[in-house]
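Structure first, commentary second.
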Amino acid sequence: MSRKEGQKLKLLALIEILERETDEKHPLSVPRLVELLAQRGIDAERKSIYADIDTLNNLPGGRYEILQRRGRGGGYYMTDTPFELAELKLLVDAVYTSKFITARKSKALIEKLGQFTSRWQQAELSRSILVSGRIKSQDEKILYTVDTLHRAITAGVQVRFKYCDWTLEKRMEPRHDGKYYQVSPWTLVWENGNYYLIAYTDGQLKHFRVDKMARAEELPDVPREGADAYEGFDVNTYTQQLFGMFNGPAKRVTLRCENRLAGAMIDRFGTEPTLVPCPGGERFDLTVTVQVSPQFFGWVAGFAGGVEIVGPADVRAEMKKVLDLLQERYR
């Protein structure tokens, strides 16, 4: 091995050691760096370590930042890593709470994320997150389904898949006697821990839960449709209209709410709808577009009288039917 090649290997090994073995609370002395390099079969003099650190700190673009902590227990440590610890914690939380990622794959992904920080900080990523009753997917094929959908979206072609439901025997069985759904995919949405495909089919945009798809395939010779419908599509508005991602007829609905629920309405519908104070000053009205479904009525009922559907009359009447049915069931 030439001296030049050996120097390159030493620099790469030194980077790896500093990235994985050091942080602000865990610096390494130069003698210790020499020892760790020797464990990797690389001989280094103490004087050369100082020069190597200076080289890394002065690389074009400032890719690395290696600082020195002086005094007892001091040494050198890496500060500039691809992710800050807080950013990695955020990504780990998203993996933990995502229902469509299996427990085994979650563990593997978190271990991979931990490679982007020191082993000391990696231990903080393994902390327990309280997710009561969290249901994780049992099927890792969803990752390949997501990949297939992304490729189809990028290529602008249609896909087909079998769409499934759970049976009483806890098996996923295809709908419509196992017939394929063929749709034009436009985007993927992550909502309430699940992945959804927004696709054009039957003359309109609809959504499908990705974890309920089986045998997803690209159709490379079938161009995607629905460009005009998707051009004016707003994902945020669409998800605000849905409750539990259940479809229903879209209608303008006026809700009368107790003032204490202003925050809950803003969380649900954003800041665009106007909150109109009612006479007496204890309630307010707001008018929003929602997709009327049993889940919407359940959401309203969940406020225990704090929210009332004022109109339109047919939606209010449908809400009353739901409440009458519930009252009959719980007599």
Side-chain angles (χ1 to χ4, degrees), residues 1-98 100-131 134 136-137 140 142-144 146-147 150:
M1 181 187 298
S2 70
R3 182 177 179 182
K4 186 175 181 181
E5 289 175 341
Q7 177 63 18
K8 288 181 179 178
L9 287 176
K10 187 174 73 165
L11 282 174
L12 290 173
L14 186 60
I15 290 170
E16 180 186 350
I17 291 169
L18 289 167
E19 285 181 334
R20 293 292 293 150
E21 301 293 333
T22 73
D23 56 40
E24 188 174 1
K25 296 180 180 179
H26 303 91
L28 289 177
S29 65
V30 170
R32 180 57 179 158
L33 290 171
V34 171
E35 290 178 9
L36 292 174
L37 285 170
Q39 291 175 11
R40 289 163 169 77
I42 299 173
D43 293 328
E45 298 178 358
R46 292 178 57 176
K47 185 186 300 184
S48 69
I49 298 298
Y50 297 109
D52 291 337
I53 291 175
D54 186 59
T55 297
L56 293 174
N57 275 332
N58 288 284
L59 287 175
R63 182 175 178 181
Y64 301 106
E65 184 179 27
I66 303 164
L67 299 181
Q68 182 182 20
R69 194 176 80 188
R70 299 183 181 277
R72 187 174 181 179
Y76 289 92
Y77 61 95
M78 180 87 75
T79 64
D80 193 12
T81 55
F83 294 96
E84 295 179 9
L85 182 59
E87 293 172 332
L88 287 173
K89 287 180 177 179
L90 182 65
L91 293 173
V92 166
D93 289 354
V95 171
Y96 263 124
T97 56
S98 176
F100 72 88
I101 304 177
T102 66
R104 191 180 77 88
K105 181 59 69 174
S106 294
K107 183 175 183 295
L109 288 173
I110 290 167
E111 287 178 354
K112 290 179 181 179
L113 287 171
Q115 302 301 309
F116 289 100
T117 188
S118 73
R119 65 183 179 91
W120 308 99
Q121 293 185 340
Q122 183 177 3
E124 294 188 43
L125 300 180
S126 300
R127 69 202 191 287
S128 297
I129 298 177
L130 297 178
V131 187
R134 175 66 61 190
K136 300 286 280 183
S137 172
E140 292 190 3
I142 185 176
L143 298 179
Y144 303 106
V146 170
D147 188 45
H150 272 300

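Small disclaimer: the values here were computed from a predicted structure and weren't measured.
Note that OG1 of Thr55 and NZ of Lys10 are 9.0 Å apart. Values are rounded to the nearest 0.5 Å. Note that CG of Leu113 is 6.5 Å distant from CG of Leu109, once rounded to the nearest 0.5 Å. For the atom pair Leu14 CG and Glu19 CD, the distance stands at 10.0 Å (nearest 0.5 Å). Annotation: the span from Ile15 atom CD1 to Leu56 atom CG amounts to 5.0 Å, rounded to 0.5 Å. In this structure, the separation between CD1 on Ile17 and CG on Leu12 is 11.0 Å, given to the nearest 0.5 Å.
Counting only heavy atoms from C-beta outward, the side chains of Leu37 and Ile49 approach each other to under 4.5 Å. At a threshold of 4.5 Å between non-hydrogen side-chain atoms, the residues Leu18 and Leu28 do not count as touching. Under the 4.5 Å side-chain criterion, counting only non-hydrogen atoms from C-beta, Glu21 is not in contact with Arg32.
With Thr79 contributing its side chain and Glu65 its backbone, the two residues share a donor-acceptor pair below 3.5 Å. Using a distance-only test at 3.5 Å, with no hydrogens or angles considered, a donor-acceptor pair links the side chain of Asn57 to the main chain of Ile66.
Under a cut-off of 6.0 angstrom, the local environment of CG in Asp43 is sparse, with at most 12 non-hydrogen atoms contributed by other residues, nucleotides or ligands. Heavy atoms from other residues, nucleotides or ligands lying under 6.0 Å from CD of Glu45 number 12 at most.
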If you look only at distance, which donor and acceptor atoms sit under 3.5 Å apart when one is on a side chain in residues 67-76 and the other is two or more places apart or in another chain?
from: Gln68; atom 1: OE1; to: Arg70; atom 2: NH2; distance (Å): 3.3
from: Arg69; atom 1: NH1; to: Glu24; atom 2: O; distance (Å): 3.2
from: Arg69; atom 1: NH2; to: Gly73; atom 2: O; distance (Å): 3.1

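His26 and Asp23 form a side-chain donor-acceptor contact under 3.5 Å, judged by distance and modelled atom types alone.
In this view, Arg46 satisfies the salt bridge (Lys or Arg N to Asp or Glu O under 4.0 Å) rule with no residue, not counting sequence neighbours.
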